Amino acid sequence: MSAAEAGGVFHRARGRTLDAFPAEKESEWKGPFYFILGADPQFGLMKAWSTGDCDNGGDEWEQEIRLTEQAVQAINKLNPKPKFFVLCGDLIHAMPGVKVVFSGHYHRNAGGTYQNLDMVVSSAIGCQLGRDPHGLRVVVVTAEKIVHRYYSLDELSEKGIEDDLMDLIKKK
């Protein structure tokens, strides 16, 4: 899909709503749940990075497509299913009341804390710039806390989510 075609798709989608989470069903706490955070599939970067020319190119997407498909397949095997999947790339601006900010774009796992705000940076599905494997972050949200863990795509696909996180999801 060309950039012009992609722009047309986004323009046609503007103003539409998704009815997958009706407001009346999601307005009250129903118990623990988890979601998946993936970061930076960044189609085209792996080839550009490998050639040393990140300012140009980016026309080959094969590696990122394969890794993103692997990520989706790993998520689809999970039981129970996550509440939702978030795919991010750029940092967000934290607002009052936020305890944890999740982001990507750094292409390696990182993070820190500032005035009781945790910043969690997830490594990439696509091009890795550090030592972390291609992967996803599982984020479990309970009434008391937010617990997260980074899994390689292979680990998540083969073993699923660890028991301690699953126990948090099952608590009512």
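A quick note: this is a predicted structure, and the numbers were derived from the prediction, not measured.
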Evaluate side chain to side chain contact (heavy atoms under 4.5 Å, CB included) for Leu168 paired with Lys145, printing each intermediate quantity in order.
CA-CA 10 Å; Leu168 290 172; Lys145 60 186 172 182; 3.9 Å; yes
Can you tell me how far the CD atom of Glu162 sits from the CE atom of Met166, to the nearest 0.5 Å?
11.5 Å
Atom CE in Met46, atom CD in Glu64: separation rounded to 0.5 Å?
5.5 Å
On a heavy-atom basis, which atom in His107 and which in Gln42 lie closest, and how many Å separate them?
NE2-OE1, 2.7 Å
Looking at side-chain heavy atoms only, is the closest gap between Pro32 and Val141 below 4.5 Å?
no
Distance check, rounded to the nearest 0.5 Å: Ile161 atom CD1 versus Asp167 atom CG?
12.0 Å
Would a 4.5 Å heavy-atom cut-off, applied to side chains only, mark Lys47 and Trp61 as touching?
no
Are Met119 and Tyr114 close enough that some pair of their side-chain heavy atoms sits under 4.5 Å apart?
no
Grab the two heavy atoms, one from Cys88 and one from Gly104, that are nearest each other, plus how far apart they are.
SG-N, 3.7 Å
If you look at every heavy atom in Tyr34 and Ile169, which pair is closest and at what distance?
CD2-CD1, 3.0 Å
Hydrophobic clustering (ILVMFWY, side-chain heavy atoms < 4.5 Å, transitive) - are Tyr151 and Phe85 grouped together?
yes
Find out whether Leu37 and Leu136 are in side-chain contact, i.e. whether some heavy atom of one side chain is under 4.5 Å from a heavy atom of the other.
no
Would a 4.5 Å heavy-atom cut-off, applied to side chains only, mark Ile146 and Asp118 as touching?
no
Check whether any side-chain N or O of Lys81 sits under 3.5 Å from a backbone N or O of Leu78 as a donor-acceptor pair, and report yes or no.
yes
Are Leu67 and Pro41 packed together at the side-chain level, in the sense that at least one heavy-atom pair is separated by less than 4.5 angstrom?
no
Show your working on side chain to side chain contact (heavy atoms under 4.5 Å, CB included) between Leu87 and Ile125 and close with a plain yes or no.
CA-CA 10 Å; Leu87 185 62; Ile125 292 170; 3.9 Å; yes
Residue pair Val100 / Val120, side-chain heavy-atom distance below 4.5 Å
yes
When every non-hydrogen atom of Val86 is compared with those of Phe35, the smallest separation belongs to CG2-CD1, 4.0 Å
For Tyr150 against Gln128, the heavy-atom pair lying closest together:
OH-NE2, 4.2 Å
If you group Ile, Leu, Val, Met, Phe, Trp and Tyr by side-chain heavy-atom gaps below 4.5 Å, do Val101 and Tyr106 land in one group?
yes
Within one Ile-Leu-Val-Met-Phe-Trp-Tyr cluster: Val147 and Ile36, side-chain cutoff 4.5 Å
yes
Establish, from distance only, whether the side-chain atoms of Gln70 and His134 form a donor-acceptor pair under 3.5 Å.
no
State the OG-CZ distance between Ser122 and Arg108, to the nearest 0.5 angstrom.
13.5 Å
When rounded to the nearest 0.5 angstrom, what is the spacing between NZ in Lys99 and OG1 in Thr113?
12.5 Å
Starting from the C-alpha separation in whole Å, work towards a yes-or-no answer on salt bridge (Lys or Arg N to Asp or Glu O under 4.0 Å) for Arg149 and Asp164.
CA-CA 11 Å; Arg149 191 161 302 140; Asp164 63 326; 2.9 Å; yes
Heavy atoms, side chains only, cut-off 4.5 Å: are His148 and Phe102 in contact?
yes
Please say whether more than 12 non-hydrogen atoms of neighbouring residues, nucleotides or ligands are located less than 6.0 Å from NZ in Lys77.
no
Donor + acceptor pair across side chains of Ser123, Asn109 (<3.5 Å):
no
For Ala39 and Ser103 the tightest heavy-atom approach is CB-O, 4.5 Å
